[in-house]
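Starting off with a structure, shown below.
Values reported hereafter were calculated over all heavy atoms of this structure, with side chains retained and with hydrogens, waters and symmetry mates removed. Per chain, numbering begins at 1; letters A, B, ... match sequence-line order.
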Amino acid sequence: MSLSSICCGNFHLLRNLIGNTCNIRLLKYHSRSIFETLLSIRRHQSRPLSTTVLARSTRKGSKQSFSNSRHLHVESVESSIEVFKQPELEQLKSLHTYKEKFSGVKTEWPATILVFDIETTGFSRREDRIIEFAVRDLMGGKNSTFQTLINPEKDVRNTYIHGISNSMLCRPDVPRFGDLIPILLQYVWSRQMDGKPVLWVAHNGRSFDVPFLFFEFQRCKVEMPGDWLFVDTLPIARQLVDSEGSKLSSVSLEKLRERYKIPLTGSAHRAMQDVTTLCYVLQKLTFELKLTVPQLLEKSFRATDLPATRSDK
DNA sequence: GGCCCTCTTTAGGGCCTT
(Lines give C-alpha, C1' and ligand atoms only; values in the text may rest on other atoms or scores of the structure.)
Protein backbone atom coordinates (compact mmCIF):
# COMPACT_ATOMS: atom_id res chain seq x y z
CA MET A 1 0.00 0.00 0.00
CA SER A 2 1.79 3.12 -1.14
CA LEU A 3 1.10 6.48 0.38
CA SER A 4 0.85 8.17 -2.98
CA SER A 5 -1.71 5.74 -4.28
CA ILE A 6 -4.04 5.68 -1.31
CA CYS A 7 -3.80 9.42 -1.02
CA CYS A 8 -4.36 10.09 -4.68
CA GLY A 9 -7.70 11.77 -4.34
CA ASN A 10 -6.79 13.57 -1.18
CA PHE A 11 -3.58 15.03 -2.51
CA HIS A 12 -5.52 16.51 -5.38
CA LEU A 13 -7.85 17.92 -2.80
CA LEU A 14 -4.88 19.34 -0.93
CA ARG A 15 -3.88 21.36 -3.94
CA ASN A 16 -7.30 22.87 -4.15
CA LEU A 17 -8.00 23.18 -0.47
CA ILE A 18 -4.96 25.22 0.40
CA GLY A 19 -7.18 28.02 1.59
CA ASN A 20 -9.45 25.74 3.59
CA THR A 21 -7.63 26.23 6.83
CA CYS A 22 -9.08 26.79 10.24
CA ASN A 23 -7.98 28.15 13.56
CA ILE A 24 -9.61 26.32 16.43
CA ARG A 25 -12.63 25.98 14.19
CA LEU A 26 -12.68 22.27 14.88
CA LEU A 27 -14.89 22.81 17.90
CA LYS A 28 -17.68 23.73 15.58
CA TYR A 29 -18.30 20.99 13.07
CA HIS A 30 -19.86 22.20 9.87
CA SER A 31 -22.51 20.33 8.02
CA ARG A 32 -21.50 22.00 4.77
CA SER A 33 -19.84 19.97 2.06
CA ILE A 34 -16.28 20.56 0.96
CA PHE A 35 -17.58 22.09 -2.19
CA GLU A 36 -19.81 24.49 -0.31
CA THR A 37 -16.92 25.41 1.93
CA LEU A 38 -14.75 26.22 -1.04
CA LEU A 39 -17.34 28.63 -2.29
CA SER A 40 -17.39 30.53 0.98
CA ILE A 41 -15.98 34.02 1.09
CA ARG A 42 -12.93 34.94 3.14
CA ARG A 43 -14.05 35.90 6.59
CA HIS A 44 -12.70 36.60 10.02
CA GLN A 45 -14.64 36.22 13.19
CA SER A 46 -14.04 36.19 16.89
CA ARG A 47 -16.15 34.24 19.29
CA PRO A 48 -15.96 33.04 22.88
CA LEU A 49 -14.39 29.63 23.22
CA SER A 50 -15.05 27.49 26.24
CA THR A 51 -14.14 23.85 26.38
CA THR A 52 -13.50 21.09 28.85
CA VAL A 53 -11.71 18.03 27.62
CA LEU A 54 -11.04 14.73 29.31
CA ALA A 55 -7.60 13.74 28.14
CA ARG A 56 -6.86 10.08 27.65
CA SER A 57 -3.65 9.19 29.35
CA THR A 58 -1.21 6.50 28.37
CA ARG A 59 -1.80 5.02 31.80
CA LYS A 60 -4.76 2.74 31.82
CA GLY A 61 -7.75 4.24 33.54
CA SER A 62 -6.01 7.53 34.12
CA LYS A 63 -7.53 10.71 32.80
CA GLN A 64 -6.48 14.30 32.98
CA SER A 65 -9.06 17.05 33.02
CA PHE A 66 -8.52 20.33 31.23
CA SER A 67 -10.78 23.27 31.54
CA ASN A 68 -10.47 26.36 29.43
CA SER A 69 -12.64 29.38 29.27
CA ARG A 70 -11.04 32.12 27.29
CA HIS A 71 -12.15 34.48 24.63
CA LEU A 72 -9.98 33.29 21.79
CA HIS A 73 -9.54 34.85 18.43
CA VAL A 74 -10.96 32.58 15.78
CA GLU A 75 -9.79 33.26 12.30
CA SER A 76 -11.48 31.36 9.56
CA VAL A 77 -9.75 31.83 6.24
CA GLU A 78 -11.47 30.08 3.45
CA SER A 79 -10.84 30.13 -0.25
CA SER A 80 -12.54 32.72 -2.30
CA ILE A 81 -14.46 31.57 -5.33
CA GLU A 82 -12.48 33.76 -7.67
CA VAL A 83 -9.38 31.70 -6.93
CA PHE A 84 -10.84 28.77 -8.83
CA LYS A 85 -11.63 28.65 -12.50
CA GLN A 86 -14.53 26.61 -13.85
CA PRO A 87 -12.54 23.47 -14.85
CA GLU A 88 -11.06 23.31 -11.38
CA LEU A 89 -14.48 23.65 -9.81
CA GLU A 90 -15.73 20.80 -11.97
CA GLN A 91 -12.73 18.74 -10.88
CA LEU A 92 -13.49 19.49 -7.26
CA LYS A 93 -17.03 18.27 -7.71
CA SER A 94 -15.75 14.99 -9.07
CA LEU A 95 -13.15 14.68 -6.33
CA HIS A 96 -15.79 15.25 -3.72
CA THR A 97 -17.74 12.39 -5.22
CA TYR A 98 -14.54 10.34 -5.29
CA LYS A 99 -13.93 10.92 -1.62
CA GLU A 100 -17.44 10.00 -0.61
CA LYS A 101 -17.27 6.89 -2.77
CA PHE A 102 -14.01 5.74 -1.26
CA SER A 103 -14.46 7.09 2.24
CA GLY A 104 -14.44 3.51 3.51
CA VAL A 105 -10.72 3.31 2.73
CA LYS A 106 -10.12 5.24 5.95
CA THR A 107 -10.58 2.11 8.00
CA GLU A 108 -7.75 0.42 6.11
CA TRP A 109 -5.11 2.95 7.08
CA PRO A 110 -2.74 1.61 9.73
CA ALA A 111 -2.49 5.06 11.31
CA THR A 112 -3.83 8.57 11.12
CA ILE A 113 -1.15 10.54 9.30
CA LEU A 114 -0.85 14.16 10.43
CA VAL A 115 1.66 16.42 8.66
CA PHE A 116 2.62 19.31 10.92
CA ASP A 117 4.93 22.27 11.22
CA ILE A 118 5.73 24.86 13.86
CA GLU A 119 7.10 28.36 13.82
CA THR A 120 9.11 29.37 16.85
CA THR A 121 10.91 32.33 18.37
CA GLY A 122 14.26 30.64 17.64
CA PHE A 123 16.16 27.37 17.58
CA SER A 124 16.56 26.73 21.29
CA ARG A 125 13.94 24.30 22.53
CA ARG A 126 14.64 25.34 26.09
CA GLU A 127 14.71 29.13 25.67
CA ASP A 128 12.42 29.64 22.67
CA ARG A 129 8.72 29.01 22.27
CA ILE A 130 6.31 27.84 19.61
CA ILE A 131 4.36 30.75 18.11
CA GLU A 132 2.45 28.97 15.35
CA PHE A 133 1.22 25.41 14.89
CA ALA A 134 -0.34 23.92 11.78
CA VAL A 135 -1.40 20.38 10.95
CA ARG A 136 -3.11 18.63 8.07
CA ASP A 137 -4.67 15.18 8.15
CA LEU A 138 -3.76 13.39 4.93
CA MET A 139 -7.18 11.78 4.90
CA GLY A 140 -8.58 15.19 4.03
CA GLY A 141 -12.23 16.07 4.31
CA LYS A 142 -13.94 18.43 6.67
CA ASN A 143 -11.80 19.89 9.44
CA SER A 144 -8.72 18.15 8.07
CA THR A 145 -6.58 21.17 8.83
CA PHE A 146 -5.88 22.98 12.05
CA GLN A 147 -3.72 26.00 12.65
CA THR A 148 -3.32 28.66 15.25
CA LEU A 149 -0.99 31.37 16.42
CA ILE A 150 0.29 30.89 19.96
CA ASN A 151 1.16 33.54 22.50
CA PRO A 152 4.74 32.70 23.58
CA GLU A 153 4.64 35.13 26.51
CA LYS A 154 8.02 36.47 25.42
CA ASP A 155 9.41 38.77 22.77
CA VAL A 156 9.56 37.59 19.17
CA ARG A 157 12.89 38.65 17.68
CA ASN A 158 12.81 36.73 14.40
CA THR A 159 9.80 38.32 12.75
CA TYR A 160 11.95 38.76 9.63
CA ILE A 161 11.85 34.98 9.19
CA HIS A 162 8.11 34.25 9.35
CA GLY A 163 6.46 37.65 9.51
CA ILE A 164 4.84 36.88 12.87
CA SER A 165 5.19 39.87 15.17
CA ASN A 166 4.67 40.60 18.85
CA SER A 167 1.54 42.58 18.08
CA MET A 168 0.02 39.53 16.38
CA LEU A 169 0.68 37.26 19.36
CA CYS A 170 0.57 39.27 22.54
CA ARG A 171 -3.20 39.59 22.60
CA PRO A 172 -5.64 38.13 25.08
CA ASP A 173 -7.47 36.28 22.31
CA VAL A 174 -4.39 34.39 21.09
CA PRO A 175 -4.02 31.18 23.12
CA ARG A 176 -0.96 30.25 25.09
CA PHE A 177 0.33 26.73 24.51
CA GLY A 178 -1.32 25.56 27.71
CA ASP A 179 -4.65 26.81 26.38
CA LEU A 180 -4.05 25.04 23.10
CA ILE A 181 -3.25 21.57 24.43
CA PRO A 182 -6.84 20.43 25.19
CA ILE A 183 -8.00 21.81 21.85
CA LEU A 184 -5.18 20.07 20.02
CA LEU A 185 -5.91 16.80 21.80
CA GLN A 186 -9.55 17.09 20.86
CA TYR A 187 -8.62 17.70 17.24
CA VAL A 188 -6.32 14.68 17.14
CA TRP A 189 -8.90 12.39 18.71
CA SER A 190 -11.47 13.60 16.20
CA ARG A 191 -9.14 12.36 13.47
CA GLN A 192 -7.80 9.24 15.15
CA MET A 193 -9.09 5.80 14.25
CA ASP A 194 -9.95 3.41 17.05
CA GLY A 195 -7.01 1.33 18.17
CA LYS A 196 -4.61 2.88 15.66
CA PRO A 197 -1.76 5.25 16.37
CA VAL A 198 -1.27 8.79 15.16
CA LEU A 199 1.72 9.25 12.88
CA TRP A 200 3.01 12.83 12.96
CA VAL A 201 5.20 13.83 10.03
CA ALA A 202 7.60 16.79 10.03
CA HIS A 203 10.72 17.79 8.11
CA ASN A 204 13.69 17.68 10.48
CA GLY A 205 11.15 16.72 13.12
CA ARG A 206 13.61 14.50 14.98
CA SER A 207 15.91 17.37 15.82
CA PHE A 208 13.55 20.29 15.84
CA ASP A 209 9.75 20.02 15.79
CA VAL A 210 9.29 16.96 18.00
CA PRO A 211 11.60 18.07 20.84
CA PHE A 212 9.99 21.53 20.73
CA LEU A 213 6.53 20.01 20.98
CA PHE A 214 7.64 17.64 23.72
CA PHE A 215 9.10 20.43 25.84
CA GLU A 216 5.97 22.57 25.42
CA PHE A 217 3.88 19.64 26.72
CA GLN A 218 6.36 19.13 29.53
CA ARG A 219 6.26 22.81 30.48
CA CYS A 220 2.48 22.54 30.72
CA LYS A 221 2.84 19.36 32.80
CA VAL A 222 0.79 17.35 30.32
CA GLU A 223 1.87 13.91 29.22
CA MET A 224 2.09 13.45 25.48
CA PRO A 225 -0.17 10.55 24.40
CA GLY A 226 1.73 7.28 24.14
CA ASP A 227 0.19 6.41 20.79
CA TRP A 228 1.67 9.46 19.11
CA LEU A 229 4.43 8.35 16.78
CA PHE A 230 6.64 10.63 14.72
CA VAL A 231 8.49 10.28 11.45
CA ASP A 232 11.13 12.65 10.11
CA THR A 233 11.23 13.21 6.34
CA LEU A 234 14.76 14.63 6.44
CA PRO A 235 16.67 11.33 6.75
CA ILE A 236 14.28 9.80 4.22
CA ALA A 237 15.06 12.60 1.76
CA ARG A 238 18.77 11.97 2.27
CA GLN A 239 18.26 8.67 0.45
CA LEU A 240 17.43 10.53 -2.76
CA VAL A 241 19.97 10.66 -5.54
CA ASP A 242 20.30 12.92 -8.56
CA SER A 243 20.37 11.86 -12.21
CA GLU A 244 24.03 10.82 -11.87
CA GLY A 245 23.37 8.67 -8.84
CA SER A 246 24.96 11.08 -6.37
CA LYS A 247 23.31 12.09 -3.13
CA LEU A 248 21.69 15.52 -3.07
CA SER A 249 23.78 18.37 -1.68
CA SER A 250 20.69 19.83 -0.01
CA VAL A 251 17.48 18.21 1.19
CA SER A 252 15.87 21.28 2.73
CA LEU A 253 12.12 21.60 2.31
CA GLU A 254 12.72 24.44 -0.13
CA LYS A 255 15.09 22.36 -2.28
CA LEU A 256 12.68 19.43 -2.25
CA ARG A 257 9.87 21.76 -3.28
CA GLU A 258 12.00 22.91 -6.22
CA ARG A 259 13.01 19.33 -7.10
CA TYR A 260 9.39 18.24 -7.35
CA LYS A 261 8.27 21.49 -9.00
CA ILE A 262 5.73 22.18 -6.28
CA PRO A 263 4.32 25.71 -6.59
CA LEU A 264 4.67 28.06 -3.65
CA THR A 265 1.19 29.38 -3.02
CA GLY A 266 1.85 31.50 0.06
CA SER A 267 4.60 32.73 2.32
CA ALA A 268 7.31 30.18 3.08
CA HIS A 269 8.07 29.89 6.80
CA ARG A 270 4.44 30.12 7.72
CA ALA A 271 3.34 26.88 9.32
CA MET A 272 0.40 25.94 7.10
CA GLN A 273 2.26 26.81 3.91
CA ASP A 274 5.13 24.56 4.92
CA VAL A 275 2.66 21.83 5.91
CA THR A 276 1.07 21.99 2.47
CA THR A 277 4.49 21.82 0.81
CA LEU A 278 5.49 18.89 2.98
CA CYS A 279 2.29 17.04 2.10
CA TYR A 280 3.25 17.20 -1.57
CA VAL A 281 6.88 16.38 -0.82
CA LEU A 282 5.82 13.36 1.23
CA GLN A 283 3.74 12.07 -1.62
CA LYS A 284 6.57 12.50 -4.15
CA LEU A 285 9.19 11.21 -1.76
CA THR A 286 7.35 8.02 -0.88
CA PHE A 287 6.56 7.40 -4.52
CA GLU A 288 10.17 7.89 -5.65
CA LEU A 289 11.60 5.73 -2.88
CA LYS A 290 8.73 3.21 -3.09
CA LEU A 291 7.96 3.63 0.60
CA THR A 292 4.72 2.25 2.00
CA VAL A 293 2.81 3.46 5.04
CA PRO A 294 3.83 0.39 7.08
CA GLN A 295 7.45 1.16 6.17
CA LEU A 296 6.96 4.72 7.34
CA LEU A 297 5.61 3.34 10.61
CA GLU A 298 8.72 1.20 10.94
CA LYS A 299 10.80 4.37 10.76
CA SER A 300 8.71 6.12 13.40
CA PHE A 301 9.80 6.99 16.91
CA ARG A 302 8.26 8.30 20.11
CA ALA A 303 9.18 11.70 21.49
CA THR A 304 10.54 10.05 24.62
CA ASP A 305 12.91 7.95 22.49
CA LEU A 306 14.88 11.02 21.48
CA PRO A 307 18.15 11.93 23.19
CA ALA A 308 17.00 15.55 23.04
CA THR A 309 14.07 14.88 25.37
CA ARG A 310 16.13 13.25 28.09
CA SER A 311 16.23 15.24 31.28
CA ASP A 312 20.03 15.52 31.33
CA LYS A 313 20.18 17.28 27.93
C1' DG B 1 21.46 19.87 18.77
C1' DG B 2 21.34 15.82 15.91
C1' DC B 3 22.81 13.82 11.92
C1' DC B 4 25.80 12.89 7.92
C1' DC B 5 30.06 12.89 5.35
C1' DT B 6 34.96 12.58 4.86
C1' DC B 7 40.49 15.20 3.73
C1' DT B 8 37.20 10.19 9.71
C1' DT B 9 36.42 7.47 14.32
C1' DT B 10 41.68 10.61 19.50
C1' DA B 11 37.61 15.42 14.35
C1' DG B 12 35.64 18.89 12.12
C1' DG B 13 32.62 20.99 8.92
C1' DG B 14 28.10 21.47 6.88
C1' DC B 15 23.16 20.80 6.68
C1' DC B 16 18.51 21.41 8.70
C1' DT B 17 14.93 23.40 11.61
C1' DT B 18 13.12 29.17 13.38
Side-chain angles (χ1 to χ4, degrees), chain A residues 114-136 147-170 174 176-177 180 200-219 229-242 244-260 262 264 266-282 284-285 289 298-313:
Chain A
L114 301 178
V115 176
F116 81 107
D117 186 52
I118 58 174
E119 301 302 321
T120 69
T121 58
F123 290 122
S124 171
R125 62 180 72 98
R126 291 199 179 276
E127 296 179 10
D128 291 306
R129 296 289 184 273
I130 298 175
I131 56 173
E132 188 176 39
F133 183 92
V135 59
R136 185 184 289 275
Q147 68 171 341
T148 185
L149 292 172
I150 300 166
N151 186 340
E153 299 177 290
K154 65 174 293 185
D155 276 349
V156 179
R157 300 177 186 277
N158 58 348
T159 300
Y160 66 96
I161 294 290
H162 37 57
I164 302 171
S165 63
N166 284 313
S167 62
M168 295 166 66
L169 302 173
C170 298
V174 173
R176 296 163 298 183
F177 198 87
L180 176 65
W200 296 84
V201 181
H203 198 60
N204 200 25
R206 189 178 188 88
S207 298
F208 186 75
D209 302 75
V210 180
F212 248 106
L213 198 60
F214 179 86
F215 277 104
E216 291 283 17
F217 268 76
Q218 196 172 58
R219 258 191 292 275
L229 304 175
F230 298 89
V231 68
D232 186 352
T233 49
L234 183 64
I236 297 173
R238 284 188 172 129
Q239 298 172 28
L240 294 171
V241 293
D242 59 21
E244 298 176 350
S246 302
K247 290 195 172 182
L248 305 182
S249 58
S250 171
V251 288
S252 68
L253 190 59
E254 175 63 15
K255 290 295 181 186
L256 293 172
R257 189 185 66 77
E258 292 174 4
R259 173 185 175 89
Y260 292 127
I262 299 166
L264 187 62
S267 303
H269 290 301
R270 284 303 296 264
M272 185 51 80
Q273 173 57 51
D274 287 352
V275 163
T276 302
T277 299
L278 185 55
C279 285
Y280 283 116
V281 165
L282 180 64
K284 298 286 189 181
L285 196 59
L289 296 174
E298 287 174 11
K299 295 177 182 293
S300 70
F301 54 89
R302 286 184 172 80
T304 49
D305 295 338
L306 298 177
T309 61
R310 291 177 191 155
S311 58
D312 58 338
K313 289 275 184 177

Residues in salt bridge (charged side-chain N to carboxylate O under 4.0 Å, His left out) contact with A:Lys154, at least two apart in sequence or another chain:
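If we apply the salt bridge (charged side-chain N to carboxylate O under 4.0 Å, His left out) test to A:Lys154, skipping adjacent residues, the hits are A:Asp128.
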By nearest-nucleotide position on DNA chain B, the 5'-leaning member of A:His269 and A:Ser249 is A:Ser249
State, yes or no, whether a side-chain contact exists between A:Val275 and A:Val135 at a heavy-atom distance under 4.5 Å.
no
Which residues pass the salt bridge (charged side-chain N to carboxylate O under 4.0 Å, His left out) test with A:Lys247, sequence neighbours left out?
none
Answer with base, sugar-phosphate or nothing: what part of the nucleic acid does A:Thr121 contact at a heavy-atom distance below 4.0 Å?
nothing
Spacing of A:Phe215 atom CZ relative to B:dT17 atom C1', expressed in whole Å
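Atom-to-atom, A:Phe215 to B:dT17, this comes out as 16 Å.
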Between A:Arg270 and A:Glu132, is there a side-chain N and carboxylate O pair less than 4.0 Å apart?
yes
Figure out the CG/C1' separation between A:Leu234 and B:dC16, and round it to whole Å.
6 Å
Expressed in angstrom and rounded to an integer, what is the separation of A:Leu256 atom CG from B:dC16 atom C1'?
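Nearest whole value for this atom pair: 11 Å.
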Distance, rounded to the nearest Å, where A:Glu254 contributes CD and B:dC15 contributes P
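Answer to the nearest Å: 15 Å.
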Keeping A:Asn204 on the side-chain end and A:Phe208 on the backbone end, is there a donor-acceptor pair under 3.5 Å?
no
With sequence neighbours left out, write down each residue that passes salt bridge (charged side-chain N to carboxylate O under 4.0 Å, His left out) with A:Arg238, or none if nothing qualifies.
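Expected list: none.
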Any residue meeting side-chain contact (heavy atoms from CB on, under 4.5 Å) with A:Phe301, in chain and number order, not counting sequence neighbours
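Listed in chain order: A:Arg206, A:Val210, A:Phe230, A:Asp232, A:Asp305, A:Leu306.
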Taking any heavy-atom pair under 4.0 Å as a contact, classify A:Asp274: base, sugar-phosphate, or nothing.
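Sugar-phosphate: the residue A:Asp274, judged by heavy atoms under 4.0 Å, touches backbone atoms but no base.
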Whole Å only: how far is the CG atom of A:Leu213 from the C1' atom of B:dT18?
15 Å
Please classify the nucleic acid contact of A:Ile131 as base, sugar-phosphate, or nothing, using heavy-atom distances under 4.0 Å.
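Nothing: the residue A:Ile131, judged by heavy atoms under 4.0 Å, touches no strand.
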A:Phe230 CZ - B:dG2 C1' separation (whole Å):
17 Å
Looking at every strand, decide which applies to A:Asp117 at a 4.0 Å heavy-atom threshold: base, sugar-phosphate, or nothing.
sugar-phosphate
Taking only the C1' atom of each, what is the distance from B:dG12 to B:dT18 in whole angstrom?
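One C1' to the other, the span is 25 Å.
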So, using side-chain contact (heavy atoms from CB on, under 4.5 Å) as the criterion, who are the partners of A:Arg157 when residues are at least two apart?
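A:Arg157 satisfies side-chain contact (heavy atoms from CB on, under 4.5 Å) with A:Asp155 once adjacent residues are dropped.
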Picking from B:dG2, B:dC16, B:dT18, which would you name as closest to the side chain of A:Glu119?
B:dT18
For atom P, what is the distance between B:dC7 and B:dC15, given to the nearest Å?
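Looking at atom P only, B:dC7 and B:dC15 are 16 Å apart.
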With heavy atoms under 4.0 Å as the rule, sort A:Ile161 into base, sugar-phosphate or nothing.
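Answer is base: heavy atoms of A:Ile161 come under 4.0 Å of a base.
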Where the side chain of A:Thr120 is concerned, which of B:dT17, B:dG2, B:dT18 is the nearest nucleotide?
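Nearest to the side chain of A:Thr120 among the choices is B:dT18.
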Enumerate the protein-to-nucleotides 4-8 of chain B contacts in which both atoms are nitrogen or oxygen and the separation is below 3.5 Å.
unit_1, atom_1, unit_2, atom_2, d
B:dC5, OP1, A:Lys247, NZ, 2.7

Considering just the side-chain nitrogens and oxygens of A:Ser252, establish if one lies under 4.0 Å of OP1 or OP2 belonging to B:dC15.
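No, no such contact exists.
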Atom CD1 of A:Ile236 and atom C1' of B:dC3: how far apart are they, to the nearest Å?
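Those two atoms, CD1 and C1', are 14 Å apart.
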Could you give the distance separating B:dT8 and B:dC3 at their P atoms, to the nearest angstrom?
22 Å
Length of the line joining A:His203:NE2 and B:dC3:C1', which is rounded to integer Å
13 Å
Check whether any side-chain heavy atom of A:Glu119 lies under 4.5 Å from a side-chain heavy atom of A:Leu149, and answer yes or no.
no
Between A:Phe123 and B:dT17, do the rings stack, that is, sit under 5.5 Å apart with planes less than 30° off each other?
yes
Contact under 4.0 Å: A:Arg206 side-chain N or O vs B:dC3 OP1/OP2
yes
Take atom P in B:dT9 and the same atom in B:dG13, then report the distance between them in whole Å.
13 Å
Can you tell me how far C1' in B:dA11 sits from the matching atom in B:dT17, rounded to whole Å?
24 Å
